[in-house]
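Please see the structure below; I have some questions.
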Amino acid sequence: GEDYALKWDFWKDMQRYDTGKLTKKIRCKIFIVHGDKDDVVPIKYSKAFARLTGATLFAIKGAEHRYLKKKHYNEMKSCLKSFIMEQCK
């Protein structure tokens with residue numbers, strides 16, 4: 001896991017964007033993998049984004065933000081690989 005902090009200017013700049021409006025411009029398939037025990041970015045945000053965009057959301061049971069348990073990390077990688085391979089057919 002990366003160890004970095006975002007500066008306040010980043011958060012201030014993010015407030016200038018209407019993400020709901022921007023999501024309507026997305027034209028590619030979206031696949032989200034999210035740990036259901038993530039306490040850094042709650043899964044409710046991925047659920048809301050998936051509803052707005054029609055994205056496929058896969059929740060990994062018991063996984064937290066950094067996928068520190070090997071089984072969660074491997075499940076996340078496997079899900080992403082499957083999605084990518086399906087798009088390459």
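Position 1 is the first residue of the sequence; numbering continues from there. Predicted, not measured: the structure shown is a model, and the values here were computed from it.
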Q | Polar side-chain atom of Arg66 near backbone of Ala63 as donor-acceptor pair, under 3.5 Å | A |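 Side chain of Arg66 to backbone of Ala63: no pair is present.
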
Q: Specify the closest pair of heavy atoms between Leu57 and Ser46, including all atoms of both residues, with the distance to one decimal.
A: CD1-CB, 3.9 Å

**Q.** Met14 CE to Lys12 NZ distance, which is reported to the nearest 0.5 Å
**A.** 15.0 Å

Q. Going only through I, L, V, M, F, W and Y residues with side-chain contacts under 4.5 Å, is there a path from Trp8 to Phe10?
A.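 Yes; tracing contacts between hydrophobic side chains, which count when under 4.5 Å, links both residues.
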
Q) Leu52 and Gly20: which non-hydrogen atoms are nearest, and at how many Å? A)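 Looks like CD1-CA, 4.3 Å.
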
Q. Minimum heavy-atom separation for Thr23 to Phe49, with atom names?
A.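 In terms of heavy atoms, the two residues are closest at CG2-CE1, 3.5 Å.
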
Q | Smallest separation among heavy atoms of Lys69 and Glu64, with atom names | A | N-OE2, 4.2 Å

Q: Would you check if Val41 and His34 make a side-chain contact, meaning some heavy-atom pair closer than 4.5 Å?
A: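 Val41 vs His34: side chains touch.
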
**Q.** Heavy-atom side-chain proximity of Glu75 to Phe58 below 4.5 angstrom
**A.**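 The answer is yes, as the side chains (C-beta and beyond) meet within the 4.5 Å cut-off.
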
Q. Is there a side-chain contact between Val33 and Tyr67 (heavy atoms, below 4.5 Å)?
A. yes

Q: State, yes or no, whether a side-chain contact exists between Lys77 and Leu80 at a heavy-atom distance under 4.5 Å.
A: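 Sidechains of Leu80 and Lys77: no contact.
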
Q | Closest non-hydrogen atom pair between Lys61 and His72, with its separation | A |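 Nearest heavy atoms, Lys61 then His72: O-NE2, 3.2 Å.
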
Q: Measure the spacing between NZ of Lys24 and CG of Leu22 and express it to the nearest 0.5 Å.
A: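 The CG atom of Leu22 is 10.0 Å from NZ of Lys24, to the nearest 0.5 Å.
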
Q: State, yes or no, whether a side-chain contact exists between Lys47 and Arg51 at a heavy-atom distance under 4.5 Å.
A: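 Heavy-atom side-chain distance check passes, below 4.5 Å.
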
Q. Does the pair Arg16 and Asp13 meet the rule for a side-chain contact (heavy atoms from CB on, under 4.5 Å), with working shown?
A. CA-CA 6 Å; Arg16 296 182 324 131; Asp13 184 53; 2.7 Å; yes

Q | Pairwise side-chain contact, Asp38 with Ile43, heavy-atom cut-off 4.5 Å (strictly under) | A |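 Asp38 vs Ile43: side chains apart.
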
(Q) Looking at every heavy atom in both Ala55 and Ile32, which two are closest together, and how far apart are they? (A) CB-CD1, 3.9 Å

(Q) Check whether Ser78 reaches the backbone of Asn74 with its side chain - one donor and one acceptor, N or O, closer than 3.5 Å. (A) no

